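Notes follow the structure.
The chains referred to below are lettered A, B, ... by the order of the sequence lines, with proteins before strands, and numbering in each begins at 1. Predicted, not measured: the structure shown is a model, and the values here were computed from it.
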There are 2 protein chains.
Amino acid sequence: MIQTRMTKQRAVILDALRHVTSHPTADEVYSMVRNKLPHISLGTVYRNLEYLSSSGTIRRLERAGQQMRFDGNMAPHQHIRCQGCGMVGDIFPPVELPACTKPNAPGFDVLSVDIEFVGVCHACQEKRQ
Amino acid sequence: MIQTRMTKQRAVILDALRHVTSHPTADEVYSMVRNKLPHISLGTVYRNLEYLSSSGTIRRLERAGQQMRFDGNMAPHQHIRCQGCGMVGDIFPPVELPACTKPNAPGFDVLSVDIEFVGVCHACQEKRQ
DNA sequence: ATGCCTGCAAAGCCTTTGCATCTGC
DNA sequence: GCAGATGCAAAGGCTTTGCAGGCAT
């Protein structure tokens with residue numbers, strides 16, 4: 001990617017993500033930034049989220065079957081996802097596998113581990129009672 | 001869900017998943033079973049995969065912003081996903097977090113951990129050279 | 001015989017993309 | 001000025017769903 005220009009749209013999107021801990025979806029980012037940029041398009045939001053995440057400025061949380069979510073916090077941490085509503089919370093500090101862990105993965109070169117927790121948020125717990 | 005009938009379609013889908021270690025996507029399952037049931041519809045495949053996974057007969061792998069994949073192997077194991085092509089391999093035995101691990105997840109009741117590895121499969125390694 | 005299940009096709013949802021225009025550098 | 005970026009809208013890919021008929025129990 002050759003994109004380098006800090007346009008108004010990109011700056012506002014990045015700023016919005018950094019001032020929030022809610023791990024918003026693309027359309028949530030879209031409505032967040034429309035307060036400041038009423039004419040921004042959803043396509044632009046997607047293009048910037050794609051650029052920012054693949055350049056390592058933000059994190060993309062991707063789970064198939066659900067929407068992608070984005071995180072402006074680059075400090076090392078993990079996530080927990082609510083089984084009921086999909087809401088994502090932060091786990092800090094991150095938990096680690098024992099240092100000596102070597103997964104048995106024939107046919108692959110292991111690059112990294114991805115640890116995510118599954119839980120129920122308080123709002124969804126109340127709904128269940 | 002009230003579905004209980006072992007239809008020909010459901011039996012063939014389940015059988016196909018159990019005789020394969022490739023973690024196929026829904027459309028891969030579709031083409032696998034069309035050998036035996038040429039007139040099966042993709043909708044039926046999706047409905048059965050949904051039923052079988054939510055009844056705990058098969059596993060649904062939903063991670064990484066790609067298509068859902070399905071796994072007929074219910075023995076405890078983990079997965080590694082190729083960064084390049086999305087292929088999924090098995091990790092056996094599963095690696096574990098230290099028994100005393102308690103993630104700091106304010107606002108959530110933790111239910112489980114989801115550990116997945118990221119790597120590169122041999123085919124994709126050769127492409128990169 | 002009943003109502004769960006299927007095939008077909010259309011719709012839904014999220015995301016990507018083509019194109020003309022605009023703008024940061 | 002020019003290539004990168006935008007807005008708009010259409011298209012794309014995967015998944016779900018409505019409906020009428022079919023089949024397992």
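When each of Leu42(B) and Thr44(A) is assigned the nucleotide of DNA chain D bearing its nearest heavy atom, the one mapping closer to the 5' terminus is Thr44(A). Where Thr25(B) and Met6(B) each meet DNA chain D at their nearest nucleotide, the meeting point lying more 5' is that of Thr25(B). Both Gly43(B) and Thr4(B) sit near DNA chain C, but only Thr4(B) has its closest nucleotide nearer the 5' end.
Contact of the Asp71(A) side chain with the Ile58(A) side chain is not registered, since no non-hydrogen atoms from C-beta on lie closer than 4.5 Å.
When the C1' atom of dC23(D) is taken as reference, atom CD1 of Ile40(B) falls 15 Å away, rounded to whole Å. Per the geometry, OH belonging to Tyr46(A) stands 16 Å off P belonging to dG13(D), to the nearest Å. As a whole-Å value, the separation of Asp27(B) CG from dT16(D) P is 13 Å. Atom-to-atom, CD of Gln67(A) to P of dT16(D) comes out at 14 Å; the value is rounded to the nearest Å. The nearest whole Å value for the distance from the CD1 atom in Ile13(A) to the P atom in dA5(D) is 12 Å. Separating the CE atom of Met68(A) from the P atom of dG13(D) is a distance of 16 Å, rounded to the nearest angstrom. The nearest whole Å value for the distance from the CG atom in Leu37(A) to the C1' atom in dT6(D) is 11 Å. Taking atom NZ of residue Lys8(A) and atom C1' of nucleotide dA5(D), one finds them 13 Å apart after rounding to whole Å.
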For Ile13(B) and Ile40(B), what are the C-alpha separation, side-chain angles and deciding distance, and is it a side chain to side chain contact (heavy atoms under 4.5 Å, CB included)? CA-CA 10 Å; Ile13(B) 289 171; Ile40(B) 195 173; 4.2 Å; yes
For Arg69(B) and Met87(B), run side chain to side chain contact (heavy atoms under 4.5 Å, CB included): C-alpha distance rounded to whole Å, both residues' side-chain angles, the deciding distance at 0.1 Å, then the answer. CA-CA 10 Å; Arg69(B) 290 175 175 272; Met87(B) 199 184 95; 5.7 Å; no
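Between the side chain of Arg47(B) and the base of dG18(D), at least one donor-acceptor pair of N or O atoms lies under 3.5 Å.
Residues His23(B) and Asp90(B) have side chains that bring a donor and an acceptor to within less than 3.5 angstrom of each other. Inspection of the Tyr51(A) and Arg47(A) side chains reveals no N or O donor paired with an N or O acceptor under 3.5 Å.
Taking 4.0 angstrom as the limit, Arg10(A) places a side-chain polar atom (N or O) nearer than this to OP1 or OP2 of dA5(D). Distances shorter than 4.0 Å separate some side-chain N or O of Gln9(A) from OP1 or OP2 on dG7(D).
You can see that DNA chain C meets the heavy atoms of chain A within a 4.0 Å-exclusive cut from dC14(C) to dC25(C), reading 5' to 3'.
If you chain together hydrophobic residues whose side chains sit under 4.5 Å apart, Val120(A) and Phe108(B) never meet in one group.
Considering CZ of Phe92(B) and NE2 of His79(B), their distance stands at 12.0 Å, rounded to 0.5 Å.
Checked against dA5(D), dG7(D), dA24(D), the side chain of Arg5(B) finds its nearest nucleotide in dA24(D).
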